[in-house]
K.L.:
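My questions all concern the structure below.
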Amino acid sequence: MRAVQFLDGEFRLADVPELPPLGPRQLRVEVAACGICGSDLTVSKDADRFCEVVEGADYPLARFDPERPIVLGHEFSGVVTEAGAEVGDFSVGDRVAGLGIVTDPATGVPTIIGYSNTYHGAFGDFITVDAFWARHVPDGLSLEHAALAEPLHVGEMHVQRSGLTAADSALVIGCGTIGLGAIVAAKARGVRTVIASEPSPKRRELAAKMGADHVVDPAEQDPIELYDSLVQQGETGDGILIAYECSGRAGMLGGLLHRLPYDSRIQVLAAPFADETVIPVVGQLRRIAVNFGHGPTENAYETVLRRLADGEIDAEAIITSRIPLDEVPEAFAALRSPAEHVKILVLPHGTGHQQG
């Protein structure tokens with residue numbers, strides 16, 4: 001099968017080994033579309049550091065040998081070509097999307113597809129995923145648009161876990177697809193004031209389209225000063241400010257601890273892989289709660305898939321490029337300076353599988 005391998009900092013379109021035999025609760029999926037994720041970018045910049053951090057965190061879902069090739073990509077959608085013997089909810093020909101997780105039947109260890117030397121990611125012809133994590137794509141929703149549900153659901157999931165109420169205000173820092181998902185989720189909860197902070201003009205435009213009430217370039221306007229002024233003018237709810245850190249920029253967490261209003265919260269959706277210094281007592285003195293993802297969630301992925309199907313999210317606006325497999329290297333280079341891009345979709349088989 002064809003796939004884009006990554007090794008030693010380079011991408012190469014190649015014929016790769018076939019996937020392992022299908023497990024009884026697994027699906028084989030012909031990939032229609034796959035988005036390029038920020039975590040994929042992190043691997044492409046320094047796979048050794050990625051693996052070092054994952055190993056140090058004892059995180060089993062993304063362990064691989066950086067000295068051997070991998071095929072990245074987990075924001076998938078596609079068509080079922082084979083279903084395991086114990087799968088009852090899916091049949092050959094079903095259109096699916098979902099979370100790219102697969103469990104090795106021999107070991108019982110789950111992994112995110114792409115962050116594995118054995119289970120290829122979706123920058124290729126076919127993938128294997130656990131049926132448990134797959135969902136039917138609603139009629140009328142294209143598979144390209146369905147592929148956006150995975151990154152958008154991260155925003156929904158973290159908004160749920162942050163405990164945001166309609167009385168609170170939200171500051172979304174970084175308006176890639178995850179940040180846009182957080183904006184949509186916050187407005188869906190009736191939040192009066194959502195501030196989006198993003199240096200890219202293209203992404204600021206999308207933040208406004210997704211419902212942000214105030215959109216700023218942080219190089220020109222301080223979003224926390226803006227929030228303070230809105231409080232003074234009585235233009236916010238009477239709850240707290242929750243900052244959704246979606247940029248992954250070095251130093252952001254420490255800066256927020258120093259500058260957010262007392263009793264605020266920080267919900268971390270994206271974080272850097274490099275070491276950095278944070279002074280913990282600053283958060284204690286200012287009574288800032290920091291949440292890296294703990295908390296309850298309910299049907300976050302399904303909620304986003306429904307919003308996409310119902311047209312509540314302008315999916316087409318988020319997709320800034322569609323590429324074949326052989327253009328993956330150029331796409332990664334473009335996303336390292338993402339002024340013009342939000343979500344680039346890789347289409348292994350072109351547009352033939354896209355319609356609902």
K.L.:
Measuring only between side-chain heavy atoms, which start at C-beta, is Pro348 closer than 4.5 Å to Phe126?
P.N.:
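A side-chain contact under 4.5 Å is absent here.
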
K.L.:
Once rounded to the nearest 0.5 Å, what's the spacing between atom CD1 of Ile127 and atom CE of Met1?
P.N.:
9.0 Å

K.L.:
Can you list every pair that meets ring pair (Phe, Tyr, Trp, His ring centres under 6.0 Å) and has a residue in residues 312-337, with sequence neighbours left out?
P.N.:
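Qualifying pairs: Phe11-Phe332.
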
K.L.:
Please answer whether the main-chain N or O of Ile344 pairs with a side-chain N or O of Arg322 as donor and acceptor at a distance below 3.5 Å.
P.N.:
no

K.L.:
Considering all heavy atoms of both residues, which atom of Ser77 and which atom of Ala147 are nearest to each other, and what is their separation?
P.N.:
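Answer, listing the atom of Ser77 first, then Ala147: OG-CB, 3.9 Å.
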
K.L.:
Assigning hydrophobic clusters by single linkage (Ile, Leu, Val, Met, Phe, Trp, Tyr; side-chain heavy-atom cutoff under 4.5 Å), is Met210 placed with Leu164?
P.N.:
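The answer is yes; both residues are in one hydrophobic cluster.
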
K.L.:
Quick one: closest heavy-atom pair of Tyr227 and Pro261, and the distance?
P.N.:
CE2-CG, 3.8 Å

K.L.:
Compare all side-chain heavy atoms of Ile313 with those of Ile318 and state whether any distance is below 4.5 angstrom.
P.N.:
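Yes; the side chains approach each other to less than 4.5 Å.
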
K.L.:
Does atom CD of Gln233 have more than 12 heavy-atom neighbours, drawn from other residues, nucleotides or ligands, at distances under 6.0 Å?
P.N.:
yes

K.L.:
What pairs meet the side-chain hydrogen bond (donor to acceptor under 3.5 Å, both in side chains) rule with one or both residues in residues 175-193, with sequence neighbours excluded?
P.N.:
Glu156-Arg189, Lys187-Asp213

K.L.:
Work out which heavy atom in Leu41 is nearest to a heavy atom in Ser44; give both atom names and the distance.
P.N.:
O-OG, 2.7 Å

K.L.:
Among Val172, Ile173, Leu230, whose side-chain contact (heavy atoms from CB on, under 4.5 Å) with Ile195 holds?
P.N.:
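Only one option passes, and that is Leu230.
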
K.L.:
Look at atom CD of Gln284 and say whether more than 12 heavy atoms of other residues, nucleotides or ligands are closer to it than 6.0 Å.
P.N.:
no

K.L.:
Not counting sequence neighbours, list each pair that qualifies as a salt bridge (Lys or Arg N to Asp or Glu O under 4.0 Å) and has a residue in residues 292-301.
P.N.:
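Pairs touching residues 292-301 that pass the test: none.
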
K.L.:
Where is the tightest heavy-atom contact between Gly35 and Asp40, given as atom of each residue plus distance?
P.N.:
O-OD2, 4.1 Å

K.L.:
Are any non-hydrogen side-chain atoms of Leu305 and Leu141 less than 4.5 angstrom apart?
P.N.:
yes

K.L.:
What heavy-atom pair brings Ala196 and Ile183 nearest, and what distance separates the two atoms?
P.N.:
CB-CD1, 4.0 Å

K.L.:
So which pairs with a foot in residues 246-265 pass side-chain hydrogen bond (donor to acceptor under 3.5 Å, both in side chains), sequence neighbours left out?
P.N.:
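Every pair satisfying side-chain hydrogen bond (donor to acceptor under 3.5 Å, both in side chains) with a residue in residues 246-265: Asp222-Arg259, Glu245-Ser247, Asp263-Arg287.
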
K.L.:
Are any non-hydrogen side-chain atoms of Val346 and Val328 less than 4.5 angstrom apart?
P.N.:
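When only atoms from C-beta onward are counted, Val328 and Val346 do touch, with a gap below 4.5 Å.
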
K.L.:
Indicate yes or no: at least one non-hydrogen side-chain atom of Val79 is less than 4.5 angstrom from one of Leu143.
P.N.:
yes

K.L.:
Please give me the minimum heavy-atom distance between Phe76 and Gly98, naming the atom from each residue.
P.N.:
CE2-O, 3.5 Å

K.L.:
Kindly say whether Ser142 contributes a backbone atom to a donor-acceptor pair with the side chain of His145 at under 3.5 angstrom?
P.N.:
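No; judged by distance alone, with no hydrogens or angles, the pair does not exist.
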
K.L.:
What I'd like to find out is whether the side chain of Ile323 reaches to under 4.5 Å of the side chain of Leu345, using heavy atoms alone.
P.N.:
no

K.L.:
Using a 4.5 Å cut-off on heavy atoms from C-beta on, say whether the side chain of Val342 contacts that of Ile319.
P.N.:
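In short, these two side chains do not touch, never coming nearer than 4.5 Å.
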
K.L.:
For Asp228, give me all partners under salt bridge (Lys or Arg N to Asp or Glu O under 4.0 Å), at least two apart in sequence or on another chain.
P.N.:
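With neighbours one apart ignored, the set is empty.
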
K.L.:
Test: salt bridge (Lys or Arg N to Asp or Glu O under 4.0 Å). Region: residues 335-345. Which pairs qualify, not counting sequence neighbours?
P.N.:
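Qualifying pairs, neighbours excluded: Glu75-Lys343.
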
K.L.:
If we ignore hydrogens and angles and just use 3.5 Å, is the side chain of Ser116 paired with the main-chain N or O of Thr118 as donor and acceptor?
P.N.:
yes

K.L.:
Would you please name every residue forming a salt bridge (Lys or Arg N to Asp or Glu O under 4.0 Å) with Asp104, sequence neighbours left out?
P.N.:
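Here no residue qualifies.
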
K.L.:
Group every Ile, Leu, Val, Met, Phe, Trp and Tyr by side-chain heavy-atom contacts under 4.5 Å, then state whether Leu260 and Phe292 land in the same group.
P.N.:
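Yes; tracing contacts between hydrophobic side chains, which count when under 4.5 Å, links both residues.
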
K.L.:
Identify all side-chain donor-acceptor contacts of residues 270-283 below 3.5 Å with residues at least two apart in sequence or on another chain.
P.N.:
residue	atom	partner	partner atom	Å
Asp275	OD1	Arg49	NH2	3.1
Glu276	OE1	Gly251	N	3.4
Glu276	OE2	Gly251	N	3.1

K.L.:
With sequence neighbours excluded, give me every salt bridge (Lys or Arg N to Asp or Glu O under 4.0 Å) pair touching residues 114-132.
P.N.:
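Of all non-adjacent pairs touching residues 114-132, those that pass salt bridge (Lys or Arg N to Asp or Glu O under 4.0 Å) are Arg2-Asp125.
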
K.L.:
Residues in salt bridge (Lys or Arg N to Asp or Glu O under 4.0 Å) with Asp310, at least two apart?
P.N.:
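Partners of Asp310 under the salt bridge (Lys or Arg N to Asp or Glu O under 4.0 Å) test: Arg306.
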
K.L.:
Taking salt bridge (Lys or Arg N to Asp or Glu O under 4.0 Å) as the definition, give me every residue that meets it alongside Lys45, ordered by chain and number, with sequence neighbours left out.
P.N.:
none

K.L.:
Could you tell me if Thr128 and Arg28 have a donor-acceptor pair between their side chains, going purely by distance under 3.5 Å?
P.N.:
yes

K.L.:
Sequence neighbours excluded and cut-off under 3.5 Å, please list the side-chain donor-acceptor pairs for residues 59-72, or say none.
P.N.:
residue	atom	partner	partner atom	Å
Arg63	NE	Glu55	OE1	3.3
Arg63	NH2	Asp58	OD1	2.6
Asp65	OD1	Glu67	N	2.9

K.L.:
Pairing donors with acceptors under 3.5 angstrom, does anything connect the side chains of Ser162 and Tyr244?
P.N.:
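Yes, side-chain donor-acceptor contact under 3.5 Å.
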
K.L.:
Looking at Glu198 and Arg204, does any basic side-chain N land under 4.0 Å from a carboxylate oxygen?
P.N.:
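Salt bridge flag = no for Arg204 with Glu198.
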
K.L.:
Can you find a pair of side-chain heavy atoms, one from Arg12 and one from Val4, that are under 4.5 Å apart?
P.N.:
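No, too far: nothing below the 4.5 Å cut-off.
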
K.L.:
Ring centres of His136 and Phe90 under 6.0 Å apart?
P.N.:
yes

